[in-house]
Visitor: 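Attaching a single structure in structure tokens format; questions to follow.
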Amino acid sequence: MTSATTYSLPTTARHGTLSPVEWPRTDDPRIDAAVATQERLRTQVITTSAPDLRIDTVAGLDVGYRSNDTVAGVCVVFDAKTLVVLDEVVVEDTTDFPYIAGLFAFREMPVLLRALDQVTVAPDLLVADGQGLAHPRRFGLACHLGVHTGIPSIGVAKNAMGAFEQPGHTRGSMSDLVMDGDNGDEVVGRALRTQDGVKPVFVSVGHKIDLDRACAEVLRLAPRYRLPETTRRADTLTKQVASSG
């Protein structure tokens with residue numbers, strides 16, 4: 001029988017108390033427990049935007065590794081209009097959950113939630129450096145973060161999870177990202193060209209936002225470079241941690 005334990009995780013004052021996550025134990029059954037958790041929570045994902053959704057602040061979240069079991073979680077909050085950094089936090093911790101494709105959230109979410117809990121400006125949108133619905137079980141890191149916190153979330157990945165046709169060469173061009181589903185091909189995101197002639201990024205819904213709005217927000221966050229500013233700054237901080245000490 002698969003066993004699981006409950007770990008207490010951070011809360012965010014603005015969005016209320018977060019219930020503890022059912023975190024798989026780090027013994028042999030942990031993989032089955034993690035998959036079961038994803039299958040259970042995926043039904044809670046909301047893929048539409050609230051009519052009054054207003055996004056004034058955006059948080060970029062990323063994880064860096066100093067060693068195989070030492071992780072640094074980064075949360076950088078931006079003003080969504082000016083892209084000025086309002087706050088940024090780096091938290092280091094250890095993890096003993098194995099590095100397994102499709103289950104990265106179980107390594108990365110605890111430290112990311114700690115970082116999110118420590119920022120002084122509450123974000124209206126979470127942008128994860130990774131996948132949302134573009135995931136074998138349609139429950140990537142962005143979905144897990146969104147469902148757990150209740151904050152709208154999107155995944156912006158550097159590499160595709162699924163098949164796509166190249167979008168047009170101009171900024172704002174996009175094409176569907178598809179994966180095999182129960183009833184044939186399923187659209188799980190979009191390949192989005194954020195700058196003329198550069199490689200696209202891969203946008204997928206995490207929670208409480210629709211795909212059109214998610215792509216529009218990524219374009220707003222990427223006025224000059226391929227990657228949104230949320231990802232660029234979070235990447236910089238994680239690399240600094242990885243190279244220090």
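Keep in mind that what you see is a predicted model, and the values were worked out from it rather than measured.
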Visitor: Would Leu113 and Tyr65 show up in the same hydrophobic cluster when neighbours are defined by side-chain heavy atoms closer than 4.5 Å?
Guide: yes

Visitor: Enter the distance from Leu145:CG to Ile154:CD1 here, rounded to the nearest 0.5 Å.
Guide: 12.0 Å

Visitor: Quick check against the 3.5 Å criterion: does Ser153 have a side-chain atom that pairs as donor or acceptor with the backbone of Leu126?
Guide: no

Visitor: Given side chains that start at C-beta, do those of Cys143 and Leu41 come closer than 4.5 Å, heavy atoms only?
Guide: no

Visitor: Between Gln240 and Thr236, does a side-chain contact (heavy atoms from CB on, under 4.5 Å) hold up when you go through it step by step?
Guide: CA-CA 6 Å; Gln240 287 175 356; Thr236 296; 3.6 Å; yes

Visitor: Are any non-hydrogen side-chain atoms of Phe106 and Thr37 less than 4.5 angstrom apart?
Guide: yes

Visitor: Step by step, would you call Leu103 with Arg137 a side-chain contact (heavy atoms from CB on, under 4.5 Å)?
Guide: CA-CA 10 Å; Leu103 298 177; Arg137 285 171 291 282; 3.7 Å; yes

Visitor: Any chance you could measure Leu192, atom CG, to Arg171, atom CZ, to the nearest 0.5 Å?
Guide: 8.5 Å

Visitor: Considering only heavy atoms from C-beta outward, does the side chain of Lys158 approach that of Thr231 to under 4.5 Å?
Guide: yes

Visitor: Evaluate side-chain contact (heavy atoms from CB on, under 4.5 Å) for Arg190 paired with Asp176, printing each intermediate quantity in order.
Guide: CA-CA 5 Å; Arg190 289 193 186 133; Asp176 288 342; 3.9 Å; yes

Visitor: Side chains of Asp69 and Thr94: do they bring a donor and an acceptor to under 3.5 Å?
Guide: no

Visitor: Look at atom NZ of Lys199 and say whether more than 12 heavy atoms of other residues, nucleotides or ligands are closer to it than 6.0 Å.
Guide: no

Visitor: Taking the cut-offs as 6.0 angstrom to the six-membered ring centre and 45 degrees off its axis, would you call Arg233 and Phe78 a cation-pi pair?
Guide: no

Visitor: Does Asp124 reach the main-chain N or O of Thr57 with its side chain, forming a donor-acceptor pair under 3.5 Å?
Guide: yes

Visitor: Working to the nearest 0.5 angstrom, can you tell me the gap between Arg30 CZ and Asp96 CG?
Guide: 8.0 Å

Visitor: With a 3.5 Å distance limit and no angle check, can you tell me whether Ser173 reaches the backbone of Arg193 through a side-chain donor-acceptor pair?
Guide: no

Visitor: What is the ring orientation for Phe139 with His144, classed by angle as parallel under 30°, tilted 30 to 60°, or perpendicular over 60°?
Guide: tilted

Visitor: Under the criterion side chain to side chain contact (heavy atoms under 4.5 Å, CB included), which of Thr82, Leu83, Val77 is the partner of Asp79?
Guide: Thr82

Visitor: Do the non-hydrogen side-chain atoms of Val74 and Glu88 ever get within less than 4.5 Å of each other?
Guide: no

Visitor: Do His148 and Leu112 have side chains that approach each other closer than 4.5 Å (heavy atoms only, starting at C-beta)?
Guide: no

Visitor: In the single-linkage hydrophobic clustering (I, L, V, M, F, W, Y; side-chain heavy atoms under 4.5 Å), do Met174 and Met179 co-cluster?
Guide: no

Visitor: According to a 4.5 Å side-chain heavy-atom criterion applied to Ile, Leu, Val, Met, Phe, Trp and Tyr, with indirect links allowed, do Leu211 and Val218 form part of one hydrophobic cluster?
Guide: yes

Visitor: Evaluate side-chain contact (heavy atoms from CB on, under 4.5 Å) for Arg138 paired with Val45, printing each intermediate quantity in order.
Guide: CA-CA 9 Å; Arg138 309 299 186 263; Val45 172; over 6 Å; no

Visitor: Hey, what do you get for OG1 (Thr48) to CG (Leu53), rounding to the nearest 0.5 Å?
Guide: 10.0 Å

Visitor: Measure the spacing between CZ of Arg42 and NE2 of His135 and express it to the nearest 0.5 Å.
Guide: 10.0 Å

Visitor: Are Leu177 and Leu227 linked, directly or through intermediate hydrophobic residues, by side-chain heavy-atom contacts shorter than 4.5 Å (ILVMFWY only)?
Guide: no

Visitor: Verify the cluster assignment for Val178 and Met161: are they in a single hydrophobic cluster under the rule of side-chain heavy atoms below 4.5 Å apart?
Guide: no

Visitor: Using a 3.5 Å distance criterion without hydrogens, assess whether the side chain of Gln166 forms a donor-acceptor pair with backbone atoms of Pro200.
Guide: no

Visitor: Could you check whether any side-chain heavy atom of Val188 comes within less than 4.5 Å of a side-chain heavy atom of Ser204, counting everything from C-beta outward?
Guide: no

Visitor: Give a yes or no answer on whether the side chain of His207 reaches the backbone of Ile46 with a donor-acceptor pair at less than 3.5 Å.
Guide: yes

Visitor: Does Lys208 reach the main-chain N or O of Gly150 with its side chain, forming a donor-acceptor pair under 3.5 Å?
Guide: yes

Visitor: What I'd like to find out is whether the side chain of Leu116 reaches to under 4.5 Å of the side chain of Pro123, using heavy atoms alone.
Guide: yes

Visitor: Can you name the closest pair of heavy atoms from Ala191 and Pro167 and give their distance?
Guide: O-CG, 3.9 Å

Visitor: Would you say the side chain of Asp62 lies within less than 4.5 Å of the side chain of Asp235, judging by non-hydrogen atoms?
Guide: yes

Visitor: How far does CZ of Arg220 sit from CD of Glu229, to the nearest 0.5 angstrom?
Guide: 13.5 Å

Visitor: Aromatic rings Phe164 and Phe202: how do their planes relate, parallel, tilted or perpendicular, breaks at 30° and 60°?
Guide: perpendicular

